[in-house]
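Only heavy atoms go into these numbers, but all of them, side chains included; no hydrogens, no water, no symmetry mates.
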Amino acid sequence: MRISKKKTVLFVIMFLLFVGFVWGILYLKSVADYKKAVKETTFEDINISNIPDEVYVGEYDVDFIYAKVEVTVQNGEITNINILEHRHERGKTAEVIADSIVDEQKIDVDAISVATNSSTVIKKAVENALKSRKLTTF
């Protein structure tokens, strides 16, 4: 029994459409999970003046956006934040939030309006850096 070329082409097209549909559903689920993770991100009130002088590294990942930062603390103040890595959608403009954190000496500063999700991820990476001292200092 021979299968015609038309049937073979139709089968391939139907298969590709099915694969595309499944991939689309999985992608939309990933986007929904990422948006939920960003929305549910909270910040602790950290007293920076109690943090020992040191350079701390922290990161935060919500799949589509990832940030890794280096936070320098001197004399009870954040003196510098280097963004070591920032994987983002269109959130490069959020990187200036590091300057706001240094200027205001607190983590939960106002987000950059055109890059709120990246702002949240960078702020959480800073918080995680400062909290990392609890794991290494006794």
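To the nearest 0.5 angstrom, His88 atom NE2 is 13.0 Å from Asn117 atom CG. How far CG of Asp108 is from NZ of Lys124: 10.0 Å, rounded to the nearest 0.5 Å. The OG1 atom of Thr116 sits 12.0 Å away from atom CG of Asp110, with the distance rounded to the nearest 0.5 Å. A distance of 6.5 Å separates CG in Leu84 from NZ in Lys68, rounded to the nearest 0.5 Å. Taking CG of Asp53 as the start and CD of Glu77 as the end, the distance is 10.0 Å to the nearest 0.5 Å.
Across all non-hydrogen atoms, the minimal contact from His86 to Ser118 is NE2-OG, 3.2 Å. Here the shortest heavy-atom pairing between Ala111 and Ile97 reads CA-CD1, 3.9 Å. Looking at every heavy atom in both residues, Val69 comes nearest to Ala129 through CG2-CB, 4.4 Å.
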Test side chain to side chain contact (heavy atoms under 4.5 Å, CB included) on Val102 and Thr79 and set out the steps. CA-CA 6 Å; Val102 172; Thr79 58; 6.0 Å; no
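Using a distance-only test at 3.5 Å, with no hydrogens or angles considered, no donor-acceptor pair links the side chain of Glu54 to the main chain of Val73. Not a single donor-acceptor pair under 3.5 Å links the side chain of Glu70 to the backbone N or O of Ile81. The backbone N or O of Ile112 lies less than 3.5 Å from a partner atom in the side chain of Ser119, making a donor-acceptor pair.
Judged purely by distance below 3.5 Å, without hydrogens or angles, the side chains of Asp45 and Asn47 never pair a donor atom with an acceptor atom. A donor-acceptor contact closer than 3.5 angstrom is absent between the side chains of Tyr56 and Asn128.
By the rule that hydrophobic residues join a cluster once side-chain heavy atoms approach within less than 4.5 Å of another member, Ile122 and Val55 end up as members of separate clusters. Under a hydrophobic-cluster definition in which Ile, Leu, Val, Met, Phe, Trp and Tyr are linked whenever side-chain heavy atoms come within less than 4.5 Å, directly or via other members, Val96 and Ile101 are assigned to the same cluster. Hydrophobic cluster membership is shared by Val109 and Leu130, with clusters built from Ile, Leu, Val, Met, Phe, Trp and Tyr side chains linked at under 4.5 angstrom. Val38 and Phe43 are members of different hydrophobic clusters when ILVMFWY side chains are connected at heavy-atom separations under 4.5 Å. Val121 and Ile107 are not part of a single hydrophobic cluster, where members link through side-chain heavy atoms under 4.5 Å apart.
At a threshold of 4.0 Å, the pair Lys131-Glu127 counts as salt-bridged, since one of the basic side-chain nitrogens sits closer than that to a carboxylate oxygen.
Residues passing the side-chain hydrogen bond (donor to acceptor under 3.5 Å, both in side chains) test with Ser4: none are found, sequence neighbours excluded.
Between Glu40 and Lys36 the shortest side-chain heavy-atom distance falls below 4.5 Å.
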Would you mind writing out the side-chain donor-acceptor pairs for residues 10-31 within the sub-3.5 Å range, not counting sequence neighbours?
residue : atom : partner : partner atom : Å
Lys29   : NZ   : Asp33   : OD1          : 2.9
Lys29   : NZ   : Asp33   : OD2          : 3.0
Ser30   : OG   : Leu26   : O            : 3.1

Pairs under 3.5 angstrom only: tabulate donor-acceptor contacts from the side chains of residues 58-65 to other protein residues two or more places apart or in another chain.
residue : atom : partner : partner atom : Å
Glu59   : OE1  : Tyr66   : OH           : 2.3
Tyr60   : OH   : Thr41   : OG1          : 2.9
Asp61   : OD1  : Asp63   : N            : 2.8
Asp61   : OD1  : Arg87   : NH2          : 3.1

